[in-house]
There are 2 protein chains.
Amino acid sequence: MAKRGPYEKGEAKRREILRVALEVFAEEGYRGTSLRKVAARCNLSLPGLMHYFASKEDMLTQVLRARDEAGRAHMEAYTGPDPHTESIREGARTPGLVELFVSMAAACGDPEHPAHAFFAERYPQFRTRLAGVFEELAAAGTLDGVPVPPERLAVLMLAVADGIQLQWLNDRSIDMEQPVKDLMALLGVAAARRP
Amino acid sequence: MAKRGPYEKGEAKRREILRVALEVFAEEGYRGTSLRKVAARCNLSLPGLMHYFASKEDMLTQVLRARDEAGRAHMEAYTGPDPHTESIREGARTPGLVELFVSMAAACGDPEHPAHAFFAERYPQFRTRLAGVFEELAAAGTLDGVPVPPERLAVLMLAVADGIQLQWLNDRSIDMEQPVKDLMALLGVAAARRP
DNA sequence: GTCTATACATGGATAGAC
DNA sequence: GTCTATCCATGTATAGAC
C-alpha cells in the first residue's frame, strides 16, 4: 500500500496546486478566479493542471475537502458545547473561502454536481456530531425543560452557523460568534457554566 | 411623472423578460441557464435582451428585486411572531430561485457586485423589521427571562432562516419551517399560545 | 506519469447597421 | 429598439512530446 517512487512527485504537485488554489480563492474570491490563473501561479499550463483533476468543480471540491480536513484537526479535540465557534473564528480571516463554501453549498443541490457528494456527506456528519453533543448535555440534565430534541437542535445550530456567514459576507462588521453564543444562552447552557 | 408613449412598450418587454427569467431559473436552476436561453424564450437575440440590462448579474439582481417585491405583498400584513415562515413556504416550491438567492447573497460581498446594494439594503431592513417584532413581544412581557436582546434575536432568526435553506438545498426532505418554530419555542412563545 | 500545444464549444459582452 | 456579426475569456477535449 505504501506507494513510493513515481507517485511521490505527482502527489506533492497536486498538494501544491490545492494550496495555491486555496490562496487565490482566499485573496481574489471564488468568482472571477480562472483555472488558467491558478495554473500560471503553479508554473503550469492549463492542461498541465487538468492532469490532476477531472474538472474545475472537481478541483474546487478537493479544495473544500482539503480545507475541511485541515480545519477538522483544529477542533477535533474540542468537546465543549459550541464546537462551531473555533472554525467560525478561523473562517473570519478568509472571506474568499467562506464565499467559496457557501457558493458551493448553494450550487450542489444538483446530484450531478461534483460537490454534491461532499456536502451530502458533510451535512449529515455535522448534524450527527452536533446531535451527539446535545445528547450528552441532555443526559447531564443541562437541557431540562428545553422543548426541542437534540436532533432538531443540531439542525438549528447548523443553520445558525451557516446563515450568519451569509449575513457576514454582506456586512463584515457582524460578529459571527455572537449568534452561536446566543443560541447556547437560550438553551441555558451559559447559566450552567457560571462560576 | 406619468411616463407614457415611447417608454410603455419597452417597460412591458422588460417586465416580460424578468418574468421569463424567473420561470427559467425556477425550472432549470440558476446554474447552467444562459442568457441566450432566456432571450430565445422571449423571441429575442442576446443583444436584444442585453439592451435592457447592463450585464448578466445586473439582470439577476433585478430578478431578485422583482421576486422580493412580489413576495413582500404576500406577508406585508403579517405581524405575527414568525413572518419568515410564509416566505419560506413559498420558496420551497422554487428550488432554482432559492439557489439563485443564496448564490447571489454569497457572491455580493464585493462592493462592485450589482447585487451588493440590494442585499446591503435588504439585510438591515429585515433585521430591523424582525427586531421590531421581537421588541413588541418583549414589551408584552413574552420574552421575560430571555437572555438575548431583540436586535440580536433578529440576527439569530435571520441566520436560521438563511441557513436552513442551505441545508434544504442539499436535502429536500428537510423541513424548512421546523427550525424557525423551534427557535420560537425556545423563546417560550409557543408556551404562551397554549389553550 | 507529467506536461505542452492546440483546437473547440459556449458564455457574456460590444460595435455598428437597420 | 432590435438585429447581425464579432470578440474575448473560459472550461473542456485531444494529440503527442518527454
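In the text below, chain A, chain B and the rest are named by the order of the sequence lines, each starting its count at 1.
- Looking only at side-chain heavy atoms (C-beta outward), A/Met50 and A/Lys56 stay at 4.5 Å or farther from each other.
- Salt bridge A/Glu69/A/Arg72: absent, no basic N to carboxylate O contact under 4.0 Å.
- For B/Arg36, counting side-chain heavy atoms from C-beta on, the closest listed nucleotide (C/dT2, D/dT2, C/dA13) is C/dA13.
- B/Glu16 places its CD atom 14 Å from the C1' atom of D/dT2, with the value rounded to the nearest Å.
- With rounding to the nearest 0.5 angstrom, the CG atom of A/Leu187 is 8.5 Å from the CG atom of A/Leu137.
- Between the side chains of B/Asp58 and B/Tyr52, no donor-acceptor pair is found at a separation under 3.5 Å.
- Residues A/Asp182 and A/Gln178 bring a donor and an acceptor atom of their side chains to less than 3.5 Å of each other.
- Classification of A/Glu27 and A/Arg41 as a salt-bridged pair holds, one side-chain N sitting under 4.0 Å from a carboxylate O.
- The distance from atom CD of A/Glu8 to atom C1' of C/dG1 is 14 Å, rounded to the nearest whole Å.
- Among the atoms of the strands shown, none is found under 4.0 Å from any heavy atom of B/Asp58.
- Side-chain contact between B/Leu18 and B/Phe53 is present, with heavy atoms from C-beta onward closer than 4.5 Å.
- In the region residues 47-56 of chain A, proximity to DNA chain C at under 4.0 angstrom, judged on heavy atoms, holds for A/Pro47, A/Gly48, A/His51, A/Tyr52.
- Put simply, NZ on B/Lys13 is 12 Å from P on D/dG1, counting in whole angstrom units.
- Protein atom CG of B/Leu35 is 15 Å distant from nucleotide atom C1' of D/dT10, rounded to whole Å.
- The distance between atom CE of A/Met59 and atom P of D/dG11, rounded to the nearest whole Å, is 9 Å.
- For the pair A/Glu57 CD and D/dT10 P, the computed distance is 16 Å after rounding to whole Å.
- Within the 4.0 Å cut-off from OP1 or OP2 of C/dC3, not a single side-chain nitrogen or oxygen of A/Ser45 is found.
- Distance B/Leu44 CG to D/dT4 P: 11 Å, rounded to the nearest Å.
- Separating the CG atom of A/Leu46 from the P atom of D/dA15 is a distance of 18 Å, rounded to the nearest angstrom.
- At a threshold of 4.0 angstrom between heavy atoms, the contacts of A/Ser34 are confined to the sugar-phosphate backbone, with no base atom among them.
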